[in-house]
Each structure stands twice: as C-alpha cells, then as structure tokens.
Amino acid sequence: MLYTNIAQLATSAPGPQRGAAMRELTVIPDAALLVRGGQVAWAGRRQDAPSWADECDLGGVAVVPALTDPHTHAVWAGDRLADFEARAQGVAYETILARGGGIRSTMRATAAATVDELVALARPRLAALTRSGAATVEVKSGYGLDFAAELRMLEAVGVLARDVPATLVPTLLIHVPPPEGRAGYVREVCEGLIPEVTRRGLASAVDVFCEREAFSVEETRAILTAARAHGLGIKLHADQFHALGGTELACELGALSVDHLEASGEAQVRALAASGTVATVLPGVSLHLGLPAAPARSLVDAGACVAVGTDLNPGSAPLSSAALALALAVRLCGLTPAEALTAGTVNAAAALGLRDRGALARGQRADFLALEDRDWRGLVYTLGGSPVRQVYRGGQPLGGEGL
C-alpha cells in the first residue's frame, strides 16, 4: 500500500539515539509512505514515490512512527480512589498503608482475582493506550507477591496479547518483599519463580524495584543475575525516592533500562551517559504524586539514551495515554518536542530490547500514526483531546471493539 497526501512525515533514525542525536529528526513535507509485507519499503517526497497499484489518501495530516510504551502495570484489580482522596487531604502515605491502603490493597485485590477477571479489567486500559498511539506496550506483573498470583498476572498478559490490537511485551516484576522472610523470598524468586516463568515462556524480562522500602542493591543483583542466567532481559525501577545505587547496578549489569530516576543526581546521570542502558522517565508519576521530575534534560545533555513511559498503574500514575506522557515529558522533564518523539519511539523500543520499530525507514515495522494535525509537533502540543486520528500496525489501520 502506498500512503499519500501526508502533510509531514517526521521520524528519528532507526535504533536507539543518544544525546544531541535525539533531536535530529528527518521531517519530509508533502510525503508518501510505501508499506509492503508489514514493513516500510520506502518513505520520501510524494513526487518521488514509486508507482503502486494500491494507494490510500491520508487526508493531508502529519505522520509519525507509532509509539512504544516501555513501562506499564496495566494488569491489576481493585482501585486506589480512597488513597487518592486521602492524599489530596494531606494524609501521609505511611498512614494510608497503616489503614490497609496503598500498594498492599492492590496486591490483595489482584491476588484474589482470576485470570479472566484480570483480563477483563486490563483490556480497556490497553485499548486506551493503543488509541493514544501506542502500538507496542510493555506490561509488568508485580502485584501478586505470592507466586501463584504473579503467574496469573503473566497468564493474563498472554491472553491479552492474543486479542488486543497492540503488541504486548510481558515482564516479571519483583516489586515488594513480604513483611517477613525476605531472604527466603529472594532465594525462592531466583530458584523457583524465575525458572518457572522461563519454562512457561511467560515473560521476556525481569524487573526489580530497588528502593529502601523494596529490595536492596545486593538483593536486586541476586535476582537479576538469576534472570540473566535463564536468558531473560533485565530491568530496574531505581532512584524513585532515594539514589541507593540501583542505577549504577543497572549500568554495571548492562540492563535494558533503568526506570523512574526522579531522585537521580549527577553521579547517576554520568553513569547512564557512559552506559548502553536506556534511562526511562515517567512524568505521569511526578504529576500525580507531586514529585520532582526525573532529570531528562541533564541526561540528554550528558549524552544518555532517554525513553518515556506512562507507568500506567493505580497508585502513582493512572495515565493511559502514551501521547500525553510525551507531552508531559516536554513540560515537566525539559525535553524538546523532537527529543520527546525519539524518546517515545526508537528509544522506548530499545528499552524493551526491540530494534525493529520506532522509525519510518526501510525494513522497519510499518507501525505509524496519522495525526489530527498537519504538523507533527501537534502530537506533543495537545493536552486533553487526542492528537491521534488513526493508528496503523504493520501498515493496517487498527479498529474494532475497544478502539
């Protein structure tokens, strides 16, 4: 199919982009895009387009690569509305936890849910992410605590992967330790849960929350070492509240990404700039919790590879728009519009170990967005209404139930 009447086609180069390269877009006016076999076969000026039997007029709007959301917790049960109201009234999170709320309430509700119930709850969340422009979405477990519940969460992701329009990438998240017996828990994760997840093919990576109230650097190292030994990718939540050394560990181990980084300082910025690990920032958390934003501007200026995700979850980021996450990254994290587009496409894909998408270049997956605007910058300018007119995956328009 030859897609024509594109007012602007804007794209980064293929593969992860670092530092100043993040703002080096190719912007083609009056463009056309040829898709063959689900891949980009050609992109350029319409006047130079090859002759093709099948043409589709896109109506004179801008086209950009489809987005990748590299960090979500889209599978959960229950809600955190009481927590939200209490926070708005100035109640401390520790008090909310003591009342039975917080993350433990989500874990209780999720552990009590069946796979079918988890699928039904997550499906509209993923449909919303797709409508916002995300053709690839990572989905983590992490609200189960007990291993049977963690496995059910990953099973739910597997079911969803067969019937939602986006490509789903499942990740086993080791989120919080039990109140007692944490040493034994870490050992059982390494010797029992990770091998079982690998045997059943339920996840492509393992993520660990490295934080004072979660897992120490050494516990995180043990879990990630076991994950790597089983052929899984490795990722970290780090520096959300305290810089404990999780970011440095991620860089040392060659993790795919280290995510959050709100508490990162100069040492962590330097480590990321010198490594191949993607720095994934999550501005929705800063907006929702009132935290300082991750230092994305400093990371780019230092030469790091920066990605942006929604962190869709019930407690700290009820954000189901990948496009809005990019818009927030411009406002809160100091990215330029071009850097935000790169962060949400090729760099977000690299955070998941994917190099075949995120750019509209020959041989890349033909996942792209037709925007509402004639200028690609409308993607990150718009607040509130959706800037996306149509999502294309493998060159085919997505539609049907849920979209």
**Student:** What pairs meet the side-chain hydrogen bond (donor to acceptor under 3.5 Å, both in side chains) rule with one or both residues in residues 382-391, with sequence neighbours excluded?
**Tutor:**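 Qualifying pairs, neighbours excluded: Glu372-Arg389.
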
**Student:** Just grab all the side-chain hydrogen bond (donor to acceptor under 3.5 Å, both in side chains) pairs involving residues 193-210, residues at least two apart or on different chains.
**Tutor:**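 Pairs touching residues 193-210 that pass the test: Lys140-Asp207, Glu155-Arg200, Glu196-Arg199, Asp207-His237.
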
**Student:** Are Asp259 and Leu236 close enough that some pair of their side-chain heavy atoms sits under 4.5 Å apart?
**Tutor:**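 Counting from C-beta outward, Asp259 and Leu236 never come under 4.5 Å.
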
**Student:** Among all residues two or more places apart in sequence or in another chain, which pass the salt bridge (charged side-chain N to carboxylate O under 4.0 Å, His left out) test with Asp163?
**Tutor:**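 Residues passing salt bridge (charged side-chain N to carboxylate O under 4.0 Å, His left out) with Asp163: Arg123.
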
**Student:** Quick one: side chain to side chain contact (heavy atoms under 4.5 Å, CB included) partners of Val159, sequence neighbours excluded?
**Tutor:**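 Side chain to side chain contact (heavy atoms under 4.5 Å, CB included) check on Val159 returns Val115, Val119, Arg162.
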
**Student:** Can Asp301 and Arg297 be counted as an ion pair, charged N to O under 4.0 angstrom?
**Tutor:**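 Salt bridge: yes.
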
**Student:** Distance-only check: which donor-acceptor pairs under 3.5 Å involve side-chain atoms of residues 100-110, not counting sequence neighbours?
**Tutor:**
from	atom 1	to	atom 2	distance (Å)
Arg104	NH2	Pro177	O	3.1
Ser105	OG	Gly102	O	2.6
Thr106	OG1	Arg80	NH1	2.9
Arg108	NH2	Gly100	O	2.4
Thr110	OG1	Ala77	N	3.1
Thr110	OG1	Thr106	O	2.8

**Student:** Can you list everything that forms a salt bridge (charged side-chain N to carboxylate O under 4.0 Å, His left out) with Asp375? Sequence neighbours excluded, please.
**Tutor:**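 Here the qualifying residues are Arg377.
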
**Student:** Got a sec, which residues hit salt bridge (charged side-chain N to carboxylate O under 4.0 Å, His left out) with Arg182, two or more places apart in sequence or on another chain?
**Tutor:**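 In terms of salt bridge (charged side-chain N to carboxylate O under 4.0 Å, His left out), with neighbours along the sequence ignored, Arg182 is linked to Glu219.
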
**Student:** Sort and list the pairs that fulfil side-chain hydrogen bond (donor to acceptor under 3.5 Å, both in side chains) and have at least one residue in residues 44-53, not counting sequence neighbours.
**Tutor:**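 Residue pairs with at least one partner in residues 44-53: Asp30-Arg46.
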
**Student:** Could you tell me whether Arg331 atom CZ has more than 12 heavy atoms of other residues or ligands within 6.0 Å of it?
**Tutor:**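 For Arg331, atom CZ is crowded (more than 12 foreign heavy atoms under 6.0 Å).
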
**Student:** Among Asp311, Thr171, Thr310, Thr280, whose side-chain hydrogen bond (donor to acceptor under 3.5 Å, both in side chains) with His71 holds?
**Tutor:**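 The passing option is Asp311.
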
**Student:** With a cut-off of 6.0 Å (strictly less than), are more than 12 heavy atoms of other residues, nucleotides or ligands near CD of Gln89?
**Tutor:**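 Counting neighbours around CD of Gln89, more than 12 heavy atoms of other residues, nucleotides or ligands fall under 6.0 Å, so yes.
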
**Student:** Please answer whether the main-chain N or O of Val63 pairs with a side-chain N or O of Tyr3 as donor and acceptor at a distance below 3.5 Å.
**Tutor:**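 Side chain of Tyr3 to backbone of Val63, a donor-acceptor pair under 3.5 Å: no, none is there.
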
**Student:** For Ala74, check side chain to side chain contact (heavy atoms under 4.5 Å, CB included) against everything at least two apart and list the hits.
**Tutor:**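 Testing Ala74 for side chain to side chain contact (heavy atoms under 4.5 Å, CB included), a comparison that skips the adjacent residues, returns Thr72, Leu126, Val139, Leu312.
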
**Student:** Is a side-chain donor-acceptor pair under 3.5 Å present for Gln364 with Gln39?
**Tutor:**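 Not at all, the side chains of Gln39 and Gln364 share no donor-acceptor pair under 3.5 Å.
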
**Student:** Could you list all the ring pair (Phe, Tyr, Trp, His ring centres under 6.0 Å) pairs where at least one residue sits in residues 262-297, not counting sequence neighbours?
**Tutor:**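 Pairs touching residues 262-297 that pass the test: Phe84-His288.
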
**Student:** Is the shortest side-chain heavy-atom distance between Leu379 and Val64 below 4.5 Å?
**Tutor:**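 Heavy-atom side-chain distance check passes, below 4.5 Å.
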
**Student:** Would Arg36 and Trp42 count as a cation-pi pair here, with the cationic atom under 6.0 angstrom from the ring centre and within 45° of the axis?
**Tutor:**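 Judged by the rule (NZ or CZ under 6.0 Å from the ring centre, within 45° of its axis), Arg36 is not positioned above Trp42.
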
**Student:** Mind checking what makes side chain to side chain donor-acceptor pair (under 3.5 Å) contact with His242, not counting sequence neighbours?
**Tutor:**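 Checked His242 against side chain to side chain donor-acceptor pair (under 3.5 Å); matches are Glu211, Arg212.
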
**Student:** Evaluate the side-chain proximity of Pro65 to Arg365: yes if any heavy-atom separation is below 4.5 Å, no if none is.
**Tutor:**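 No - every pair of side-chain heavy atoms lies 4.5 Å or more apart.
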
**Student:** State, with a plain yes or no, whether a side-chain heavy atom of Val258 is found less than 4.5 Å away from one of Leu261.
**Tutor:**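 Val258 reaches Leu261 side chain to side chain.
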
**Student:** List in chain and number order the residues that pass salt bridge (charged side-chain N to carboxylate O under 4.0 Å, His left out) with Arg221, two or more places apart in sequence or in another chain; answer none if no residue qualifies.
**Tutor:**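 Applying salt bridge (charged side-chain N to carboxylate O under 4.0 Å, His left out) to Arg221 gives Glu218, Glu252.
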
